[in-house]
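So you know, we letter chains A, B, ... as the sequences are listed, proteins then strands, and number each from 1. The figures that follow rest on heavy atoms only: side chains count, while hydrogens, waters and symmetry mates do not. A quick note: this is a predicted structure, and the numbers were derived from the prediction, not measured.
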Amino acid sequence: VVSWNAILTALAQNGRLDEAQCVFDKMPEYTSLSWNVLLNANADHGLVHRARVLFDRCPQKDIYSWTILVTAYAMRGDLSMAAKLFKAMPQHSIVTWTAMVQAFGDNGDIQNASEYFIKMPERNSFAWTALIMAHIRGQDLKGAVRTFRNMPSHDVVSWTAMIQAHAECGLVEWAKTVYDMMPERNVVSCTVMLVAYSQAGHVDAARQVFDSMPRHNVVAWNAMAAAYATSGHLWTARMMLFSGPERNVVSWTAMIAFYAQYGHWDLSASLFQQVPVRNLVTWNALIATAAQSSQWRVAIDLFHEMAAEAIEPD
RNA sequence: CUAAGAACAUCCAG
């Protein structure tokens with residue numbers, strides 16, 4: 001069972017849902033971990049109904065199983081179901097509590113997020129940061145700052161959330177102040193700062209942040225490319241994407257969208273054909289491209305092809 | 001060994 005579980009976990013982590021399902025079906029016996037891994041894989045793919053069926057069939061539901069399902073409903077926006085399940089579950093942990101804070105926070109529902117937060121028997125920086133994010137999404141900068149101040153200890157994630165908090169309100173210089181003040185930075189905090197500058201229209205400042213980073217990952221490269229694309233530098237953006245060490249589905253989709261934004265529908269469409277990975281967003285980007293160039297026939301054909309690739313249109 | 005917090009692409013919302 002241990003090795004079966006290891007295989008199952010590996011497949012699930014790589015997003016190979018169908019293969020994980022096959023392995024699961026062939027397993028001679030299960031532990032709750034096996035069920036949870038498959039449950040989570042379905043949830044990750046947005047297949048909440050299938051997750052629910054699995055959950056109901058699962059003979060040994062533990063706190064993990066419940067949390068996965070609660071989070072799945074929350075991600076779909078079904079907060080009342082999430083809350084109902086939360087109430088029904090036999091045990092709560094700091095993780096399940098935090099998941100509820102996060103669930104309401106994602107919706108900008110500061111009120112409910114705070115209520116769950118207050119009722120928590122104990123809190124860690126995950127919980128505090130989730131509450132900060134709730135305030136950010138609810139457009140309450142003051143509340144975000146207040147929450148940050150009330151936190152007993154700050155880590156790089158909560159600091160980064162505060163960069164985000166100020167940037168979201170258009171206060172880039174304050175965001176930069178936070179950025180300068182934080183005791184340590186990582187690739188995410190730098191990328192947040194980079195994006196903040198980009199969104200404020202300061203490409204050059206964004207580039208300076210990029211150049212100052214000790215390490216870059218795909219997200220950083222993608223973000224810098226987007227900064228160029230949105231500031232009129234299509235070809236520099238293209239350079240960034242192609243000269244980086246690595247590209248992912250976001251990079252490809254971004255490039256398809258950039259071409260379209262500049263009216264290069266042909267380039268957009270031909271890149272789509274060559275791209276090694278596609279997801280729902282990639283398809284949406286291309287459909288939008290076709291629609292913008294008034295190729296309705298093409299848009300509709302694409303829509304059907306999409307179903308053929310086993311991607312559910314939304 | 002499986003569940004919760006920060007960054008990038010499309011649409012939507014603002």
Original post:
Rounded to whole angstroms, how far apart are CG on A:Leu280 and P on B:C12?
Top reply: 14 Å

Subject >> Separation of atom OH in A:Tyr30 from atom C1' in B:C1, rounded to whole Å >> reply: 18 Å

**OP:** Decide if the gap between the ring center of A:Trp265 and the ring center of A:Tyr259 is smaller than 6.0 angstrom.
**Re:** no

Original post:
Would you say the side-chain atoms of A:Thr177 and A:Asp180 include a donor-acceptor pair closer than 3.5 Å?
Top reply: no

**OP:** Hey, can you tell me if A:Phe148 and A:His154 have their rings parallel, tilted or perpendicular (30° and 60° cut-offs)?
**Re:** parallel

**OP:** State whether the distance check finds a donor on one side and an acceptor on the other, under 3.5 Å, for side chain A:Asn222 versus base B:C8.
**Re:** yes

Original post:
Any donor-acceptor pair under 3.5 Å joining the side chain of A:Asp155 to the base of B:G5?
Top reply: yes

Subject >> Proximal nucleotide (of B:C8, B:A3, B:A7) relative to the A:Ala226 side chain >> reply: B:C8

Original post:
Which part of the nucleic acid, if any, lies within reach of A:Arg123 when heavy atoms closer than 4.0 Å are counted: base, sugar-phosphate only, or nothing?
Top reply: nothing

**OP:** Go through the side-chain N and O atoms of A:Asp204 and A:Gln208 and say whether any donor and acceptor fall under 3.5 Å apart.
**Re:** no

Subject >> Interatomic distance where CD1 belongs to A:Ile287 and P belongs to B:A9 [whole Å] >> reply: 19 Å

Subject >> Protein-nucleotide distance (A:Ile7, atom CD1; B:C1, atom C1'), rounded to Å >> reply: 14 Å

Original post:
For the side chain of A:Asn36, counting heavy atoms from C-beta on, which of B:U10, B:U2, B:A7 is nearest?
Top reply: B:U2

Original post:
Hey, does A:Thr289 reach any base, or is it just sugar-phosphate, or nothing, if we go heavy atoms under 4.0 Å?
Top reply: nothing

Original post:
Of the residues in residues 53-80 of chain A, which ones touch RNA chain B at a heavy-atom distance under 4.0 Å?
Top reply: A:Tyr64, A:Thr67, A:Ile68

Original post:
When you look at A:Asn40 and A:Thr71, which way does the side-chain contact (heavy atoms from CB on, under 4.5 Å) test go after all the steps?
Top reply: CA-CA 10 Å; A:Asn40 200 27; A:Thr71 307; over 6 Å; no

**OP:** Using atom CG of A:Asn107 as one end and atom P of B:A13 as the other, report the distance to the nearest whole Å.
**Re:** 16 Å

**OP:** Quick one: pull up CH2 in A:Trp221 and CZ in A:Phe210 and give me the separation to the nearest 0.5 Å.
**Re:** 4.0 Å

Original post:
Aromatic rings A:Trp128 and A:Phe117: how do their planes relate, parallel, tilted or perpendicular, breaks at 30° and 60°?
Top reply: perpendicular

Subject >> Minimum-distance nucleotide (side-chain atoms of A:Asn40 versus B:A9, B:A3, B:A4) >> reply: B:A3

**OP:** Round to a whole Å and report the spacing from CG of A:Leu38 to C1' of B:U2.
**Re:** 12 Å

**OP:** Nearest-nucleotide wise, let me know which of A:Ser34 and A:Ser125 is further upstream toward the 5' end of RNA chain B.
**Re:** A:Ser34

Original post:
Do A:Trp66 and A:Phe55 have side-chain heavy atoms sitting under 4.5 Å apart?
Top reply: yes

Original post:
Of all of residues 168-199 of chain A, which get a heavy atom below 4.0 angstrom from RNA chain B, listed by number?
Top reply: A:Asn186, A:Val188, A:Thr191, A:Val192, A:Val195

Subject >> Short side-chain donor-acceptor distance under 3.5 Å, A:Thr147 and A:Asn150 >> reply: no

**OP:** Tell me what A:Asn5 touches on the nucleic acid: a base, only sugar-phosphate, or nothing, going by heavy atoms under 4.0 Å.
**Re:** nothing

Original post:
Nearest nucleotide by nearest heavy atom, which residue falls closer to the 5' end of RNA chain B, A:Phe126 or A:Leu286?
Top reply: A:Phe126

Original post:
Considering only B:A9, B:G5, B:A4, which nucleotide approaches the side chain of A:Asn124 most closely?
Top reply: B:A4

Subject >> For atom CD of A:Gln91 and atom P of B:A4, their distance in whole Å >> reply: 19 Å

Original post:
With respect to the side chain of A:Gln139, which nucleotide from B:G14, B:A3, B:A9 is positioned closest?
Top reply: B:G14

Original post:
Is it the case that A:Arg207 and A:Tyr228 place a side-chain donor and acceptor less than 3.5 Å from each other?
Top reply: yes

**OP:** Return the value, rounded to whole Å, for the distance between atom CH2 of A:Trp283 and atom C1' of B:C11.
**Re:** 16 Å

